[in-house]
Amino acid sequence: GRFPWSLAAERFEPAFARRAFVSDIMTFHYEEPKKFKLHLGDDRRFITWMAWQGMNRFFYIRHARDSRARIDELAPALRECGIGPEYGGHILQLLLERERFAHTPDFFPLGTDGLRNPQGNLCVSNPPALEIVCRNALSYVCDYPENQLFHVWGADVWEGAWCCCSRCARLSPQLQYMTVVNAIARRVCTLNDQLEVAYLAYHDTIEPDPRLRPLANVCFEWAPRERCYCHAIDDARCATNRRYWDALRRYMDLFSGRGHVFEYSAGALLFGGLSFATPEVIARDLGAYRALGLKGVSCLTFGAFSVLAYPANLIAFAQSSRACTPKPWYTAVAAERHPKCERQMAKAYRLIAAASRRVLSYGDVIRVDKIPAKLAPFKRAALRAAAREVEHAIEAAQRAKASNSAKLHSDELALWRYGALTLRALSDYLSVFSEGRRKNLLRARHAVDDLEAAFSHVRNIRLQAKGVWGEADLESFHQRWLA
């Protein structure tokens, strides 16, 4: 997709010392040459834009399945643009090799079922296991001396990855995790006293244990994935975000201000691949984070797909991270993408934003099955109203004469059609909570069929617009959601 902004020289005083975008290494498809080549082309353009926007870090998230810690092919572009790389991610399972389980199962966490689990993190009360983790972490640091922040995260699961043995059971997940991070940080300091180790506050560690005692070279990285995106993080009217905001402030106290926020403003996976726009919320969020004294902010991206689906969010995040005067986001995106029909397309983008304000309050957009039954009728109505807003956006865009950007215009319309149909199907699915059993089961089956049919519009989007993630990954996740 085309970038929704022009490049222009600008001097600024950054709001945060660390201003980063983030991607999962596995989404680069580095083992498939054609997909990898396409992804790299999109990345080089994005890195250039990052530099012009004053962003100064790019973080590669590694998972246990990854054979790479970084994308070497992008190193020259990052150096030329003055953007520092960051490595790590969900690597704790790599730091304690899974192959050891066969001979030393006591190195691994004991589950609630009384069995040792090779898929979890480790038994932090086992000194030899902790020693192996520290030794491998130190090798990681030595192997990648250019790393600007060492992210050491546990398994990417909700719960069950930490140990329940008699010694570990006395420790909360936060304290077990802190034991590992502090042990690693102590070793790292002997090699590089300028490199911080990041503790991830996420899922079962999103709220702090008041007994946390991080070392001076440990910072926290707070990732409020399931927050409400309809309201700013410090909006006292939002019951969901009040809990998150309180947790963040407590983390700031415990870590003496050494904190970063990991946001999902362009999080295509969280948003089910639907196009949303929340730039006003993003700007207020980053203002709140700055006022609280956070050192850095980062935003998860999914290559070209995020550029296509979340242009206003990307520019709002970049602008707010460098504390410049906000631009009229919808007009700016429309002017850059569709200069001959700017007015009509700006209206369409505003309607997408109106739909976003109705939907983004409960985590994964597609997973309406996780909405509490008592809230289902309210969310059903909100989803239906959001679908109408997206349909109005489609109507506004169809009236636009986008002759100079016809292909991109068609791509956006296809994405919005997918969104409108998906939102209607999700609303129909929630009817299972309000109708008779036979009727609601039939409606649920029809809703799932409609969700599957909606995806045909994503298939109609050009590869160069939706990128590798939109072509290769989104459909796989979509099928998983339907199952």
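Quick caveat, the model's predicted, so the values are computed rather than measured.
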side-chain contact (heavy atoms from CB on, under 4.5 Å) involving A20 - partner list, sequence neighbours excluded: R18, R57, S298
Ring geometry between Y199 and F255 (parallel below 30°, tilted from 30 to 60°, perpendicular above 60°): tilted
Expected output: side-chain N121 to main-chain A155 donor-acceptor under 3.5 Å: yes
Pairwise salt bridge (charged side-chain N to carboxylate O under 4.0 Å, His left out) hits with a residue in residues 294-307, at least two apart: E196-K295
Whether H90 and H63 hold their rings parallel, tilted or perpendicular, with breakpoints at 30° and 60°: tilted
For a quick test of your reading: what N or O donor-acceptor pairs under 3.5 Å do the side chains of residues 102-115 make, sequence neighbours left out?
from: T104; atom 1: OG1; to: R100; atom 2: O; distance (Å): 2.8
from: D106; atom 1: OD2; to: N126; atom 2: ND2; distance (Å): 3.2
from: D113; atom 1: OD1; to: L115; atom 2: N; distance (Å): 3.0

Aromatic plane relationship, Y60 with F28 - under 30° parallel, 30 to 60° tilted, over 60° perpendicular: tilted
Partner set under salt bridge (Lys or Arg N to Asp or Glu O under 4.0 Å) for D24, not counting sequence neighbours: none
Note: R227-D285 ion pair, threshold 4.0 Å (strictly below): yes
For L415 against S275, the heavy-atom pair lying closest together: CD2-CB, 3.7 Å
Lys/Arg cation over aromatic F46: R44, 6.0 Å, 45° cone: no
Residues D42 and Q464: side-chain donor-acceptor under 3.5 angstrom: no
All pairs passing salt bridge (charged side-chain N to carboxylate O under 4.0 Å, His left out) where residues 470-483 contributes a residue, at least two apart: R459-E475, K466-E471
Salt bridge (charged side-chain N to carboxylate O under 4.0 Å, His left out) pairs, two or more places apart, involving residues 171-192: E131-R187
Residues which pass salt bridge (Lys or Arg N to Asp or Glu O under 4.0 Å) with K35, listed by chain and number, not counting sequence neighbours: E32
Parallel, tilted or perpendicular: ring planes of H478 versus F455, cut at 30 and 60 degrees: tilted
Non-neighbouring partners of E226 that pass salt bridge (Lys or Arg N to Asp or Glu O under 4.0 Å), sequence neighbours left out: none
Salt bridge (charged side-chain N to carboxylate O under 4.0 Å, His left out) pairs, two or more places apart, involving residues 136-156: R70-E146
Of all pairs that satisfy ring-ring contact (aromatic ring centres under 6.0 Å, His included), the ones with a partner from residues 179-198, not counting sequence neighbours: none
Side-chain donor or acceptor of K379 paired with backbone N/O of V359 under 3.5 Å: yes
Mutual orientation of the aromatic rings belonging to F21 and W49 [parallel < 30°, tilted 30-60°, perpendicular > 60°]: tilted
Short N-O contact, R249 and D253, less than 4.0 angstrom: no
Partners passing salt bridge (Lys or Arg N to Asp or Glu O under 4.0 Å) against R170 (at least two apart in sequence or in another chain): none
Ion pair R250/E207, N-O distance below 4.0 Å: yes
Sequence-distant partners of P14, side-chain contact (heavy atoms from CB on, under 4.5 Å), two or more places apart: F12, R19
Pairing of R237 and D235 as salt bridge, 4.0 angstrom limit: yes
